[in-house]
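Below is one structure, written out as structure tokens; comments come after it.
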Amino acid sequence: MISFFRKLGPIGAVLLLALNAHADGYEPDLQIGEEINYVCAGCHGEFAQGSKNGEYPRLAAQPADYLERQLLLFRERKRPNIPMLEHIQEQQMPASELKDVSAYIASIELPNKLPPIDESTYNPLERLFLAKKTINIPRAEGDIETGRRQYQKECGSCHGRTGEGDDKYNVPMLSGQYTEYLWRQVEKFREGILIHDPDDPEFRLLSLFTDKELQDMFAWLSVADD
Ligand code: HEC
Ligand code: HEC
């Protein structure tokens with residue numbers, strides 16, 4: 001790689017890097033993204049952590065292009081979402097702002113554990129703040145070992161070995177997402193309301209598995225983020 005850059009010379013290398021980073025030439029503005037996120041926070045929480053009952057999904061640290069794609073699907077009514085529609089109409093949110101907010105939310109990292117309490121520096125407010133930001137999905141019912149094997153065989157190649165998602169291919173994380181929310185999406189995929197693989201829209205992958213099989217996979221995913 002280094003010798004390749006040398007051959008290009010400094011200007012060529014910079015151009016190449018710029019092209020790689022932003023194929024469409026737009027550099028998202030994280031500050032604008034943070035401001036837009038105040039609107040989203042009303043439902044998804046200030047750190048885009050979602051709500052514990054899975055009513056509102058966690059968005060933090062999902063791939064930016066995945067988030068943007070969902071916003072476009074909502075806007076075009078290809079994916080139903082009445083509560084969000086008014087917030088993402090084109091007049092209110094031009095294409096550049098969809099990118100800004102998606103990039104900002106993708107950059108939010110949420111810890112999965114609270115650090116041990118240190119009596120000498122203990123600050124209750126800071127602790128409360130951290131607790132709000134910490135997500136660890138509660139252990140979901142099901143057989144973890146069976147779920148792990150099946151998950152890795154059937155889902156891991158796209159969603160990552162431990163369900164962490166894939167930024168490069170815009171595949172969402174599954175571990176770290178609320179189990180109730182995942183189930184709601186499973187129903188939509190099975191009914192064809194949501195498309196799992198845009199390259200092969202007729203193929204309903206999740207209809208090939210029984211509820212018990214998915215329950216085991218979700219049990220494994222619920223501990224994979226520990
Ligand atoms: C009025 C409440 C509300 C507001 C405000 C809101 N959302 Fe949502 N959002 C929802 C609900 C409800 C869902 C889940 C829909 C479903 O079950 O498919 C959702 C789902 C999503 C998803 C899909 C996540 C996934 O992995 O499937 C994304 C992305 C998203 N919202 C982004 C945003 C952004 C960005 C904003 C701010 C511009 C925002 N939302 C504002 C209610 C809201
Ligand atoms: C070929 C790659 C691929 C495989 C294999 C795959 N997925 Fe997916 N999955 C995706 C992509 C891509 C999306 C996002 C679709 C979109 O952009 O709307 C997704 C979305 C999902 C979602 C919705 C997540 C959310 O936040 O809304 C769930 C749930 C899911 N997959 C479960 C599974 C399970 C369980 C398996 C294994 C049985 C599996 N997937 C196998 C590519 C894959």
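Along the sequence shown, the residues carry numbers beginning at 1. For ligands, and for the atoms within them, numbers begin at 1 and follow the listed sequence.
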Quick check on Q70 - does any of its heavy atoms sit under 4.0 Å from an atom of ligand 2? yes
Any donor-acceptor pair under 3.5 Å from N136 side chain to D226 backbone | no
Can you tell me if L194 has a non-hydrogen atom under 4.0 Å from ligand 2? no
Any L98 heavy atom less than 4.0 Å to ligand 1 | no
When you measure from atom 8 (Fe) of ligand 2 to the N, O or S atoms of C155, does any of those distances fall below 2.8 Å? no
min-distance N/O/S atom, H44 vs atom 8 (Fe) of ligand 1, resolves to NE2
Give the C-alpha distance, both sets of side-chain angles, the deciding distance and a yes or no for side-chain hydrogen bond (donor to acceptor under 3.5 Å, both in side chains) between Y26 and D100.
CA-CA 10 Å; Y26 181 72; D100 297 337; 2.7 Å; yes
So is R58 in contact with ligand 1, going by heavy-atom distances below 4.0 Å? no
Note: V39, heavy atoms under 4.0 Å from ligand 1, region reported as backbone
Contact region, Y151 to ligand 2, non-hydrogen atoms below 4.0 Å, reads neither
_Under 4.0 Å between a side-chain nitrogen and a carboxylate oxygen: does that hold for R148 and E145?_
yes
| Is there a heavy atom of P57 sitting under 4.0 angstrom from any atom of ligand 1? | yes
Heavy-atom proximity to atom 2 (C) of ligand 2 ranks first, among P63, P198, C158, G156, for C158
For Y66, the ligand 1 atoms with a heavy-atom partner under 4.0 Å come out as 25 (C), 26 (O), 27 (O)
